[in-house]
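A note on names: the letters A, B, ... follow the listed sequences, proteins ahead of strands, and every chain is numbered from 1.
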Amino acid sequence: MTTDHVPAKPPFWNNPQIRAVAFQVVALIATVAFGLYIFTNTQANLQRLGIASGFDFLSSPAGFDIIQSLVPYSAASSYGQVFLVALFNTLLVSALGIILATLLGFGIGVARLSKNWLIARLALVYIETFRNIPLLLQIFFWYFAVLRAMPSPRQSLNLGDAAFLNIRGLYLPAPQFEAGFGWVLATLGIAAILTTLLVRWARQRQMVTGQQFPVVSAGLALLIGLPLVTFWLTGSPLHWQLPELQGFNFRGGWVIIPEMASLLLALTIYTAAFIAEIVRAGIQAVSHGQTEASFSLGINSGKTLRLIILPQALRVIIPPLTNQYLNLTKNSSLAAAIGYPDLVSSFAGTVLNQTGQAIECIVITMAVYLSISLLISLLMNLYNRRVALVER
Amino acid sequence: MNRIKTLTAVAAAAVLLTTAGAAYAGKALDAIKERGFIKCGVSDGLPGFSYADEKGNYNGIDVDVCRAVAAAVFGDAAKVKFTPLTAKERLTALQSGEIDVLSRNTTWTSSRDSAQGLNFTGVTYYDGQGFLVNKKLGVKSAKQLDGATVCVQAGTTTELNLSDYFRANKMKLTPISYDKSDESAKSLEAGRCDVLTSDQSQLYAQRIKLAKPGDYIVLPEVISKEPLGPVVRHGDDEWFDIVKWALFVMVNAEEMGITSKNVEEMKKSANPDIKRLLGVEGDKGKDFGLANDWMAVVIKQVGNYGEVFNRNVGAGSDLKIERGLNALWNQGGLQYAPPVR
C-alpha cells in the first residue's frame, strides 16, 4: 500500500516571497494614496473657502516691528525677512542654551559623584528639583517672578557706569570698531595658527622625549599678547558705546531682553539637570579599575578624570546627550508663552495670523525644526564616530 | 465602475475618503441645525465684550451677538457653545471649521475679507486704536512716545497700526508682542512696557482689571479705524445672511423703539415697519429659512442694540463707555441697518 503523495503545488498567495512583496506594494499604494488624498482634499477645501495659497506672501511687506533681530529688520521688511529674524532668534537661544547647559550639566554631573558629601547632595537636590518641574512653569517663574522684580529704567542697577540692569533688560556697552581693527583680527588669526603649531610640536616632543611643555600658558600668551601689541600699534581702534538713559529707555549699547534671558535660563537649568544625570551615568559606566590603575600610576585625580575617565565616558554620554540637544532646541518654541520673538511666536504665530496662510506657515516652521534637529543629529553622530570605541 | 473593481481595495478606500471630503463641503447652516447649537468663538477674557463670570457664564457685546444668532436659528438664545480664543488662534479656528461664527472684537479689513476666506457680517462696535499709559510718565500725547516700549497683542491689526504710527511720526519703537491681553496688562503694571496699545474699548476694559486703575490714563489720540464685527467663513451665503441680519434686527429694533420689555406690546403697533420686523405682517422668516417671528424672538431674548450696548459696555456697566460713534445714525453715530422689507 504505497501511494505517492505528491503534494499539490500551493496557491501563489501562500508563497511567502510573493506575499512579502504584495504587502510592500499594498503598503506603498496606501501611503501614496493617503498622501494624495490629504493634498487634494486640502487644495479643494482651500479653493472652496477662497483662501489664498502659495508662498507669494513671503515677499510682501510685514508692517510690524520685532523687539530683537540679529539681521537688519524694520516694519518695511518682508515676511520672508521676518522668517529670517525669527529663525536666527531661535538658533541664538538654542545655541547659547546648548553651550551653557553642557557646561553646567557636566559640572553638576561630576559634582554629583564628588567624594565631598555636601557637594554631592547639593548636586542631587539640583537635579531632582529642576528636572521634575515642568519647563513652562520654570520659564514663567524666571519671567514673571524673578525678572519682574528688577527696578524700573530710572532706578537701574548701575554696574560701573558701563552696564545697567533693569526690568527692560541688561544693557551692555557695544563695541564700535574703527579702521585698523582688521589688523588686530588678522594678528589674532596668526596667533591662533601659531598656537596650533605649538600644541602639535609640544605633543610630538612629549611623545619622543617625555618632556612636557607649558602649552597652556605659552598659548595664552600668544593669543592675548600678539593682538594686544597690534591693538596698541594701530592706535586702539576700538571704542565702547555706552548705553544712556534717554526718555523712556536706555539707548545705544547692547541689550539682553528679559524674554530672552528667562527663556535661556529656564532652558539651560532644565536641560542641565538631564545632562548631569547622563554624565553621571557615563562616568559610572567606566570601570572603577581604570581609576585605581590611574591612581597607582601616580596620576592625580583631576588628570585621571580628564585623561582617563571622561574620554571613555563620552562614548556612553554622546548619544543621549544628542537627544538632550534636540529637546532643548524644540523646547525653545515655548518662547511664544512669554513673547520672545522666536520662529513659533513670530512666524508660525504673527505672520500666520496676518496673512491667514496657516498651512504654508506651519509647513515651513515644521520643515525648519526638522532640519535643525537632523543637523544637530548629524553633527553629534560625526563627533560620536570620533570618540566611539574602535574595535579591531 | 468596472475600472474601480480592478483597483486595489486601498485605492477604493481612498476614493471613498475623497468623496467624504467633498461631502464635507455642505451647508454650514444644515450642519448647525442638525447639531442643535452654535459654536461661537469669543475673546479669552475682555470685560464688556466677552468675559466669563465666576459661574462660567459668558457676558458681553460679542457674546450677545452669538446669543442673538442662536435665538434666530433655534428660538433659544442659550443654544450656543462659546470657545475662548486668543487673537492668534481666532481666524484659523474659523477657517478650519472649529467654530461657526467668530464674534471676538475682530477688525474688518480687506485682506481678511478676501485672501483669508472670510466674510464680515457687519459692525458691532466702531472702535479705534489708542494708548494706555501710567500717569507717572507725564505723557500727554501719543506724539511724545518716541523710544517707548509698547505692549501689544500678537497677530492683531493693532500690531500693524502701531508700527505704521511710529514710522509715520519718525519715532523709535520697541514692541513686545504677547499672545494674551492679560499678559500685556501684567507687563504694563510691572513696568516691562511704558505703554499698552489696543482698541480703545479694550483699553477701558483692561484698565478696570488693573490693580490701580486710577493710575493709568488713555491718551487722546485715536490712530486707526477699527470696525469690529462678527465673521463667518466663505461658502454658505444663507448662514452669512442670518448672522448679518441678527445684528441688523437689533439695530433696527433700537431705531423703532422696540426693547426686550415692550416687544409683545409692539406687536399690536399700527406701524407697518414694526409689524414686518416682528413677524406680524408678511413672512420674513421663510426667506431666511427660519421661524416667522425670529426677529421678535431675538429682540425678546437678547434685546435691541442699545440695550446690549448699555448693559455690557455703556452706562449700565462698569466700563461706562459713551455711545459716540456707536450711537444710531439719526443720533449722530454710525450704527445704521438696512430696512426690513
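If you measure heavy-atom distances from Glu159(B) to chain A, the contacts under 4.5 Å come from both the backbone and the side chain. Residue Ile38(A): no heavy atom, backbone or side chain, is found under 4.5 Å from chain B. In this structure, chain B has a heavy atom under 4.5 Å from the backbone of Ala337(A), while its side chain stays farther away. In this structure, the portion of Leu137(B) lying under 4.5 Å from any heavy atom of chain A is its side chain and not its backbone. In this structure, chain A has a heavy atom under 4.5 Å from the side chain of Val139(B), while its backbone stays farther away.
For Glu189(B) and Arg148(A), the salt-bridge test fails: no basic side-chain N is under 4.0 Å from an acidic carboxylate O.
Rounding to the nearest 0.5 Å places SG of Cys193(B) at 12.0 Å from CZ of Phe248(A).
At distances below 3.5 Å, at least one donor-acceptor pair connects side-chain atoms of Asn249(A) with backbone N or O atoms of Gly147(B). Judged purely by atom type and a 3.5 angstrom limit, Asn353(A) uses its side chain to pair as donor or acceptor with the backbone of Ala87(B).
Around CD of Gln176(A), the count of heavy atoms belonging to other residues, nucleotides or ligands within 6.0 Å exceeds 12.
Each of Gly117(B), Ala190(B), Ser163(B), Ser187(B) has some count of heavy-atom pairs under 4.5 Å with chain A, and the biggest count is that of Ser163(B).
The shortest distance between side-chain heavy atoms of Leu160(B) and Gln354(A) falls below 4.5 Å.
Using modelled atom types and a 3.5 Å distance limit, the side chains of Thr174(B) and Arg168(A) yield no donor-acceptor pair.
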